[in-house]
Amino acid sequence: PRFQSSILQSYASISTLDDSISLFNHMVKRFQTHPSFSLDRSTCHVLLSKSCDSPDPDLSHVHKVLNLMVSNGVSPNSGTVDIAVRGLCSVDRVDDAVLLLKELSLKHSKPDTYTYNFLVKCLCKTRSLSTVYSFIDDMRSNFGLSPDLVTYTILIDNVCNSKNLREAMRLVGVLKDCGFKPDRFVYNTIMKGYCVLSRGSEVMEVYNRMKEEGVEPDLVTYNTLIFGLSKSGRVKEAKKFLRVMVASGHVPD
RNA sequence: UACUACACUUGUUCCC
């Protein structure tokens with residue numbers, strides 16, 4: 001199976017989807033006469049990945065491959081969903097990815113947290129915040145999928161990049177209400193947000209709260225603070241953190 | 001099948 005995936009993969013990279021499907025069908029026939037071989041999921045996934053590249057407005061190519069899979073006894077699982085979502089997003093078909101994700105969730109399998117968060121990040125980069133929030137609400141109410149701490153970090157980073165620290169802090173409140181505790185990633189992200197706004201006192205407040213909560217600063221924390229404070233002209237404080245960093249056993253990189 | 005090595009999937013700094 002590994003071998004046939006490789007063959008198909010190489011072939012798919014230099015040919016059209018239909019030619020790849022022909023080869024796939026040829027393989028199916030061959031394997032029917034050789035019981036020691038089987039068509040596995042990864043062989044099907046090669047085709048699926050290929051089918052995302054071609055611009056078909058109604059996802060017909062993707063559906064063609066999915067039907068082929070099912071008729072060969074391989075039912076789509078969360079790995080299948082992952083391949084399709086990444087394939088579509090890699091050619092900027094984020095809306096199609098969302099549609100397919102919902103369809104597959106209903107008919108076959110829900111996404112895992114990796115796929116879900118990957119898609120949330122793609123949406124953040126390319127769509128409005130309200131679009132992202134409706135996607136999250138939709139997934140929660142219709143599919144029982146809730147955001148996790150990684151999701152919140154993605155959202156907080158996104159709003160920080162739009163300099164909307166008020167919304168970032170609101171999200172921290174929401175995340176706590178959901179029973180999560182901010183970790184290094186969340187604290188580092190927020191400090192970065194305040195750094196780019198040159199809000200030095202808020203940076204320090206967050207830094208102190210992080211330590212109070214027992215979350216240890218790491219290399220990323222120090223890099224964020226040293227770069228961020230230097231850029232906003234607070235070189236003295238930045239230098240202080242460089243000393244703290246070395247004193248706590250980190251090596252400046 | 002086991003072991004080992006290598007590679008591999010979602011979030012923060014720097015690099016790009």
Side-chain angles (χ1 to χ4, degrees), chain A residues 2 5-6 9 41-42 45-46 48-49 52 76-90 94 97-98 101 109-126 129 132 135-136 139 145-165 167-169 171-172 174-175 178 180-198 202-203 206-207 209-211 213 215-232 234 237-238 241-242 244-246 248 250-253:
Chain A
R2 192 175 286 275
S5 288
S6 301
Q9 181 129 45
R41 191 168 266 109
S42 65
H45 285 178
V46 171
L48 183 59
S49 177
C52 297
N77 65 4
S78 65
T80 313
V81 180
D82 193 67
I83 298 280
V85 166
R86 283 171 202 274
L88 291 169
C89 287
S90 73
V94 185
V98 172
L101 182 88
S109 171
K110 292 178 189 174
D112 63 15
T113 63
Y114 283 75
T115 309
Y116 172 82
N117 285 327
F118 175 83
L119 189 49
V120 169
K121 184 167 182 171
C122 285
L123 285 168
C124 281
K125 280 194 290 211
T126 58
L129 187 59
V132 181
F135 172 75
I136 288 174
M139 294 311 284
L145 295 173
S146 298
D148 64 9
L149 199 51
V150 173
T151 320
Y152 283 109
T153 311
I154 294 170
L155 294 173
I156 289 169
D157 187 44
N158 181 55
V159 298
C160 281
N161 288 335
S162 336
K163 307 195 191 310
N164 190 351
L165 269 287
E167 179 64 5
M169 297 315 288
L171 285 166
V172 171
V174 174
L175 137 199
C178 294
F180 295 108
K181 281 187 74 75
D183 65 1
R184 273 189 188 81
F185 286 81
V186 173
Y187 281 115
N188 288 345
T189 304
I190 294 192
M191 283 189 282
K192 182 194 64 168
Y194 280 128
C195 276
V196 303
L197 292 180
S198 300
E202 281 92 345
V203 174
V206 176
Y207 176 78
R209 194 162 72 236
M210 168 166 128
K211 301 225 308 186
E213 295 290 331
V215 178
E216 281 302 308
D218 65 0
L219 190 60
V220 175
T221 312
Y222 292 118
N223 279 342
T224 303
L225 291 171
I226 290 167
F227 273 87
L229 293 171
S230 303
K231 264 190 266 183
S232 52
R234 306 171 82 104
E237 280 160 292
F241 277 112
L242 186 56
V244 174
M245 172 180 174
V246 173
S248 62
H250 290 92
V251 182
D253 61 0

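In what follows, chains are A, B, ... by sequence order, proteins preceding strands, each numbered from 1. What you see is a predicted model, and the numbers here were worked out from it, not measured in a lab.
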Quick one: [X] [atom1] to [N] [atom2], roughly how many Å, whole number?
X: A:Tyr187; N: B:rG11; atom1: OH; atom2: C1'; value: 16 Å
X: A:Met191; N: B:rG11; atom1: CE; atom2: P; value: 19 Å
X: A:Leu219; N: B:rC15; atom1: CG; atom2: C1'; value: 13 Å
X: A:Asp253; N: B:rU13; atom1: CG; atom2: C1'; value: 9 Å
X: A:Tyr207; N: B:rU13; atom1: OH; atom2: C1'; value: 15 Å

Checking contacts here: which listed nucleotide ([options]) is nearest the side-chain heavy atoms of [X]?
X: A:Arg86; options: B:rU9, B:rU10, B:rU12; value: B:rU9
X: A:Lys231; options: B:rU12, B:rC14, B:rU10; value: B:rC14
X: A:Thr189; options: B:rU10, B:rU12, B:rC14; value: B:rU12
X: A:Lys192; options: B:rU9, B:rU12, B:rC14; value: B:rU12
X: A:Thr153; options: B:rC14, B:rU10, B:rU12; value: B:rU12

Pick from A:Val150, A:Thr151, A:Val85, A:Asp82: which one makes a side chain to side chain contact (heavy atoms under 4.5 Å, CB included) with A:Tyr116?
A:Thr151
So, A:Thr189 versus A:Thr153: side-chain donor-acceptor pair below 3.5 Å or not?
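The answer is no; no qualifying pair exists.
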Between protein and nucleic acid, restricted to nucleotides 5-7 of chain B and to nitrogen or oxygen atoms under 3.5 Å apart, what atom pairs and distances do you find?
none

Criterion side-chain hydrogen bond (donor to acceptor under 3.5 Å, both in side chains) against A:Asn188, the qualifying member of A:Asp183, A:Thr224, A:Asn223, A:Thr221
A:Thr221
Does the pair A:Lys192/A:Asp157 count as a salt bridge with the N-to-O cut at 4.0 Å?
yes
Is there a donor on the side chain of A:Asp183 or the base of B:rG11 sitting less than 3.5 Å from an acceptor on the other?
yes
Decide, applying a 5.5 Å centre-distance limit and a 30° plane-angle limit (both strict), whether A:Phe185 stacks on B:rU12.
no
Is the distance between the ring centroids of A:Tyr207 and A:Tyr187 less than 6.0 Å?
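No, ring centres 6.0 Å or more apart.
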